[in-house]
Structures are given as structure tokens and as C-alpha cells.
There are 2 protein chains.
Amino acid sequence: MTGRSDWSSHVHAVLAGAGFRRGGARERVIDLLAGESCALSAVEIEDALRAKGRPTGRASIYRVLELLGEHDLVERVEVGDGVARFEPAHPGGEHHHHLVCDRCGRLVAFDDPGLERAIGRLSDRLGMRVDHHEVVLRGSCETCG
Amino acid sequence: MTGRSDWSSHVHAVLAGAGFRRGGARERVIDLLAGESCALSAVEIEDALRAKGRPTGRASIYRVLELLGEHDLVERVEVGDGVARFEPAHPGGEHHHHLVCDRCGRLVAFDDPGLERAIGRLSDRLGMRVDHHEVVLRGSCETCG
DNA sequence: GCGATAACGAGACTCAATCTCATTTCATGG
DNA sequence: CCATGAAATGAGATTGAGTCTCGTTATCGC
């Protein structure tokens with residue numbers, strides 16, 4: 001199992017290896033993401049950092065997220081409300097997908113090996129290189145059920 | 001196989017059955033969608049209608065798309081560029097998903113029974129009602145391969 | 001036709017996301 | 001240890017998809 005601070009050091013290792021300097025904004029965003037389990041939007045990150053007394057420029061937050069995304073260090077999740085959310089991407093490749101509750105809007109994470117296998121077989125059949133996939137289910141969560 | 005004008009009459013039947021009046025904007029959007037195979041964004045619809053000499057208000061286009069969506073007459077597709085796209089949803093429930101080419105941005109449609117079965121089994125396992133699902137693959141298309 | 005009301009549309013508005021550019025910070029070599 | 005050039009940052013302007021308002025227009029049951 002890949003832990004939280006492990007992700008953080010993985011991120012630092014990758015970025016240092018790619019020749020990037022360190023910077024305050026980057027550290028703050030990485031710290032925050034490392035400690036959050038659910039996906040956060042850029043605006044939520046901005047608000048959370050300000051609330052923690054570590055205000056950070058909007059442009060920097062988007063820049064950091066873009067950088068992390070380019071290096072496959074975060075996963076971008078879009079559930080149809082026009083807002084992009086981000087969560088740590090773990091090096092092993094294990095990942096999960098999301099169910100969006102249409103009643104309360106809550107985001108529920110799940111994983112399913114059968115689904116992953118089906119997508120793997122599909123990639124082979126299509127004969128195209130598939131680097132990434134995202135599955136979004138819509139329905140109602142246990143609370144709203 | 002469900003044809004184009006078939007979708008159009010299905011839409012009219014559903015809306016008439018639900019007690020909606022007809023209106024110019026609605027007809028224009030439905031006509032356009034019925035004739036297009038790929039998913040269109042609201043802005044693309046606005047531009048296409050204006051180009052065809054049938055200019056239609058933006059608010060009306062969004063209203064029509066929302067109405068069609070509420071009645072499962074269109075499928076909303078989001079591929080991560082922050083723009084919602086819409087395409088006719090056929091009554092049988094058969095649908096497809098999309099691969100987005102990261103090089104040229106092209107949208108390629110595909111369907112896969114194995115994937116649908118995996119999602120069906122997953123819904124059962126989760127024990128939550130799953131009304132809808134969307135799968136987006138990212139990679140490179142045949143042209144860019 | 002007439003009237004109630006649904007449908008429409010011009011344009012103001014919201015807000016996530018992007019862009020600009022001046023300032024600050026880093027890390028390297030002298 | 002500090003000068004220096006590049007990278008990183010951030011305040012604020014800008015963009016653009018999407019929403020909202022409200023007065024006007026069209027539909028359809030009577």
C-alpha cells in the first residue's frame with residue numbers, strides 16, 4: 001500500500017530528477033494533496049491553503065497541477081460539473097474511479113479489477129495506444145439510496 | 001439499427017407525450033443533432049445554426065439540451081477540455097464511449113460489450129443504483145498513432 | 001380568433017481557468 | 001558568502017462556457 005508521505009517523496013524525487021527547482025507554492029500544494037484523500041478542485045485548494053494561513057496564488061496552483069499532471073503525479077477527475085478535480089496518482093498504477101450521487105453530489109470512490117481487465121482487453125482490440133482511462137458512474141449513493 | 005430521422009421522431013413523440021409544446025429553437029436544435037454523428041458542444045451548435053441561416057439564442061440552445069438530457073434523449077459527453085458535448089441518445093439503450101486523441105484532439109467513438117458487462121457486474125457488486133456511466137479513454141488515434 | 005402560458009432570445013452576469021508581467025526565490029559558481 | 005541568471009511566484013486582468021433575467025413571441029386548447 002502506498003502511503004501519503006510516500007507520495008509526497010515520490011513527487012519530489014520525480015520533479016528533482018526532471019531538474020525542477022523547489023518553490024513555496026509547489027510545496028504547499030503537494031503537502032495539501034498528500035494529506036487529502038478525496039479529489040480537490042483548484043478553487044478548493046486555493047481556499048484550503050488560505051484557510052491554513054498559507055495563501056497561494058491562483059496561477060501558481062494551476063501551474064503546479066499542470067506540472068504534476070504532465071508527470072503523471074496527479075490524476076485529473078471530471079465528473080460533469082464543469083470543474084476539474086485532482087488527486088494524488090500513485091506510482092504503482094493502482095487507481096480508482098468515481099460514482100457521483102445525482103441527489104447530493106457526493107463523490108464515492110471505488111475500484112474494480114474486472115473493469116480494469118475489460119478496459120485492458122478493449123485497448124488491445126482497438127489497436128490504438130491507450131494511456132489513460134476514466135470511468136464515471138452516476139446514480140445514488142448509500143445515504144441517498 | 002436506429003436511424004437519424006428515427007431519433008428525431010422519437011424525440012418528438014417523447015416530448016409531445018410529456019405535454020411540451022413545439023417551438024422554433026427546439027426544432028432547429030433537434031434537426032441539427034439528428035443530422036450530426038459526432039458530439040457537438042453548445043457553442044458549436046450555436047455557430048452551426050447561425051451558419052445555416054437559422055440563428056438561435058444561446059439560452060434556448062442550453063434549455064433544449066437540458067430538456068433533452070432530462071428525458072434521456074441526448075447523451076452528455078465530457079472529455080476533459082471543460083466543454084460539454086451532446087449527441088443523440090437512442091432509445092434501445094445502445095450507446096458508445098469515446099477515445100480522445102491527445103495529439104490531435106480528435107474524438108473516436110467505440111463500443112464494447114465486454115466493458116458494458118463489466119460495468120453491469122460492478123453496479124451489482126456496489127449495491128447502489130447506477131443510472132448512467134461514461135468511459136473516456138485517452139491515447140492516440142490511428143492517424144497520429 | 002383569444003387568452004393563458006409555454007417557448008424564445010438579447011444581453012448581463014458568474015466563475016473556473018488562463019494569461020501577463022513585475023517581483024521574489026532558488027541554486028550555482030565564482 | 002554573495003552575485004547572478006533562470007525558475008518560480010502572485011496580483012490582477014482577461015477569456016469563455018454556461019446561467020440567469022425579463023420582456024417579447026409563438027403555440028394550442030377553447
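Lettering of chains follows the sequences in order, A, B, ..., and the numbering in each one begins at 1. Only heavy atoms go into these numbers, but all of them, side chains included; no hydrogens, no water, no symmetry mates.
- Members clustered with A:Val83: none, using a 4.5 Å side-chain heavy-atom cutoff among hydrophobic residues.
- By the ring-ring contact (aromatic ring centres under 6.0 Å, His included) test, A:Phe110 is found to be paired with no residue, residues two or more places apart in sequence or in another chain being considered.
- For B:Gly80 against A:Arg76, the heavy-atom pair with the smallest separation is O-NE, 4.3 Å.
- A salt bridge links B:Asp47 to B:Arg50: one of the charged nitrogens lies within less than 4.0 Å of a carboxylate oxygen.
- Here D:dT9 presents its P atom at 15 Å from CD of A:Glu46, a figure rounded to the nearest Å.
- Electrostatic pairing of B:Arg85 and B:Glu44 counts as a salt bridge here, judged by a charged N lying under 4.0 Å from a carboxylate O.
- For the pair A:Ser60 and D:dA8, the criterion of a side-chain N or O lying under 4.0 Å from OP1 or OP2 is not met.
- Scored by the ring-ring contact (aromatic ring centres under 6.0 Å, His included) test, B:His96 finds B:His98 as partners (sequence neighbours excluded).
- A heavy atom closer than 4.0 Å to some atom of DNA chain D occurs in A:Phe20, A:Arg21, A:Gly23, A:Gly24, A:Ala25, A:Arg26, A:Arg28, these being the qualifying members of residues 12-28 of chain A.
- To the nearest 0.5 Å, the span separating CZ on A:Arg106 from OG1 on A:Thr143 amounts to 4.0 Å.
- Partners of B:Arg117 under the salt bridge (Lys or Arg N to Asp or Glu O under 4.0 Å) rule, at least two apart in sequence or in another chain, do not exist in this structure.
- Under the ring-ring contact (aromatic ring centres under 6.0 Å, His included) criterion, B:His133 pairs with B:His95, B:His97, sequence neighbours left out.
- Among residues two or more places apart in sequence or in another chain, the ring-ring contact (aromatic ring centres under 6.0 Å, His included) test is passed with B:His12 by none.
- Closest approach of A:Asp131 to B:Gly139, counting heavy atoms only: OD2-CA, 3.7 Å.
- Taking every nucleotide of DNA chain C with any atom under 4.0 Å from a non-hydrogen atom of chain B, the first and last of them, 5' to 3', are C:dA4 to C:dA12.
- Within the 4.5 Å cutoff, the side chain of A:Arg54 has heavy atoms near those of the A:Asp31 side chain.
- Distance CG (A:Leu67) to C1' (D:dT9): 14 Å, rounded to an integer number of Å.
- Side-chain contact check for B:Arg28 versus B:Leu32: every heavy-atom pair is 4.5 Å or farther apart.
- Under the rule for a salt bridge (Lys or Arg N to Asp or Glu O under 4.0 Å), B:Glu66 has no partner lying at least two apart in sequence or in another chain.
- Axis deviation across the helix from C:dG1-D:dC30 to C:dG30-D:dC1 amounts to 30°, comparing end segments of five pairs, rounded to 10 degrees.
- DNA chain D lies under 4.0 Å from at least one heavy atom of each of the following residues of residues 76-84 of chain B: B:Gly82, B:Val83, B:Ala84.
- Cluster membership for B:Val108 and B:Phe86, using ILVMFWY side-chain heavy atoms within less than 4.5 angstrom, is not shared.
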Just the table, please: protein N/O against nucleotides 11-16 of chain D N/O, every pair under 3.5 Å.
residue, atom, partner, partner atom, Å
D:dA13, N6, A:Arg58, NH1, 3.3

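- Place B:Tyr62 and A:Ile61 on DNA chain D by their nearest nucleotides, and A:Ile61 ends up nearer the 5' end.
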